[in-house]
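Chain letters run A, B, ... following the sequence lines, proteins first, then strands; residues in each count from 1.
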2 protein chains.
Amino acid sequence: MKKQERQRYIRELLKANNIDKQEDFVILLKKEGITVTQATISRDIKEMQLIKVPATDGTYSYNLPVQKQLNTEKKLTKTLKDAFISTDVQNEMCLIKVTPGSGPAIVSLIEQMNYSFVFGTLGGDGSALIICHSNKDALKLSRIINEIVIE
Amino acid sequence: MKKQERQRYIRELLKANNIDKQEDFVILLKKEGITVTQATISRDIKEMQLIKVPATDGTYSYNLPVQKQLNTEKKLTKTLKDAFISTDVQNEMCLIKVTPGSGPAIVSLIEQMNYSFVFGTLGGDGSALIICHSNKDALKLSRIINEIVIE
DNA sequence: TTTGAATAATAATTCAAA
DNA sequence: TTTGAATTATTATTCAAA
């Protein structure tokens, strides 16, 4: 089926890019060899319940559905409470140490959280390395993680 | 200040109505005696980081930002766990007693929670007076607060 | 700084077609 | 059912003004 595959691409594109208008999806999909019009994207967005979020920096960006975000945060909280050991920050990187085996899960959840300040991730067995845009961002992430664990 | 008051109304309207376009805000605000144009609403929405969510029933509706809601609830939980003493309900009012100095913080957080059943708030030093729409609502709030503390 | 009027830009839908 | 082209509707911004 064509539509589902396209919507999968859309989900991927969301994570990798900062998309602030539907035309961007059209352009990015074209690069993947998928040609559609804005009308179709509008329908996909409605169907996938994507939301356009005004960011703090004055731009807009399409994001994953609210419900999904909530679920992701819940899972992240649960996983962290079970597996968290410590965080360390160095430059723009935040290293999250967790119990052996939990690294990949944490990485995956943090990716799904779609934090705008996260640049990239790397999952080890007992650790998750989160590369942010700046040192400030890394500290922010560290703070968020620790707050989740404490709560 | 005019803008802040308007944005408070917007937050209220959000809860009470299903708003699917900015013009609706213009119309609803007019009924409250506040006359603004769509342009201003657009700016408010950006500033308040409201999102337009595609609902499952095929409609759209403006909502509060998820992230913000989550954060507020977390802060409220944390603050209550630290400072909570007791609640008392009388008529449509719920009085939350807290350790000295924490009253204003609690009030602010409860405001941010945007409970639809809250009519107004008043912050003392060691207490927060929350005025609800009805006695039932006040009891409900009291229950919510106590559950948060216990959890 | 904040705003409205006008406008530009973006998004949603209609309607025909496959 | 799903889609594109065209269109309409909605939203964001520009620009002047207070």
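OP1 or OP2 of D:dA12 lies within a sub-4.0 Å distance of a side-chain N or O belonging to B:Q22. An OP1 or OP2 oxygen of C:dT1 is reached within less than 4.0 angstrom by no side-chain nitrogen or oxygen of B:K3. Between B:Y62 and the phosphate of D:dT11, there is a side-chain N or O to OP1/OP2 separation shorter than 4.0 Å. Proximity of A:Y60 to the phosphate of D:dT13: a side-chain N or O atom is located under 4.0 Å from OP1 or OP2.
A:E12 is linked by a salt bridge (Lys or Arg N to Asp or Glu O under 4.0 Å) to nothing, counting only residues two or more places apart in sequence or in another chain. When the side-chain contact (heavy atoms from CB on, under 4.5 Å) test is applied to A:D20, the partners found at least two apart in sequence or on another chain are A:D24, A:Y60. Residues satisfying the side-chain contact (heavy atoms from CB on, under 4.5 Å) criterion with A:S127, sequence neighbours excluded, are A:L95. Applying the side-chain contact (heavy atoms from CB on, under 4.5 Å) rule to A:S108 yields the partners A:Q112; only residues at least two apart in sequence or on another chain are considered. Taking the side-chain contact (heavy atoms from CB on, under 4.5 Å) definition, one finds that B:V89 meets it with B:C94, B:N135, B:A138, B:L139, B:S142, sequence neighbours left out. Taking A:S134 as the reference, A:D137 meet the side-chain hydrogen bond (donor to acceptor under 3.5 Å, both in side chains) condition, with sequence neighbours excluded.
As judged by a 4.0 angstrom heavy-atom cut-off over every strand, A:F25 is placed among residues making no nucleic acid contact.
When rounded to the nearest whole Å, the span between CG of A:D24 and P of C:dA9 equals 14 Å. Rounded to whole Å, the distance from CD on A:E5 to P on D:dT1 is 22 Å. The CD1-P distance, from A:I51 to C:dT10, rounds to 20 Å in whole Å. Going from atom CG of B:D20 over to atom P of C:dA12 covers 11 Å, rounded to whole Å. Rounded to whole angstrom, the span from the NZ atom of B:K21 across to the C1' atom of D:dT11 amounts to 12 Å. Rounded to an integer number of Å, the gap from A:R6 CZ to D:dT1 C1' is 12 Å. When the P atom of D:dT10 is taken as reference, atom CD1 of B:I27 falls 10 Å away, rounded to whole Å. Residue B:L50 contributes atom CG, which lies 10 Å from atom P of D:dA12 at whole-angstrom precision.
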Query - Nucleotide pairing, DNA chain C (Watson-Crick or G-U, distances under 3.5 Å), in dot-bracket with [ ] and | - result: ||||||||||||||||||

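At a non-hydrogen distance threshold of 4.0 Å, B:Q38, B:A39, B:S42, B:R43, B:K46 from residues 31-46 of chain B come into contact with DNA chain D.
Judged as a salt bridge (charged side-chain N to carboxylate O under 4.0 Å, His left out), the pairs with a partner in residues 82-100 of chain A (not counting sequence neighbours) are, in order, A:K78-A:D82, A:D88-A:K97.
The backbone N or O of B:I51 sits nowhere less than 3.5 Å from a side-chain atom of B:N63 that would complete a donor-acceptor pair.
We find the CG-CD1 distance between A:L28 and A:I41 to be 9.5 Å, quoted to the nearest 0.5 Å.
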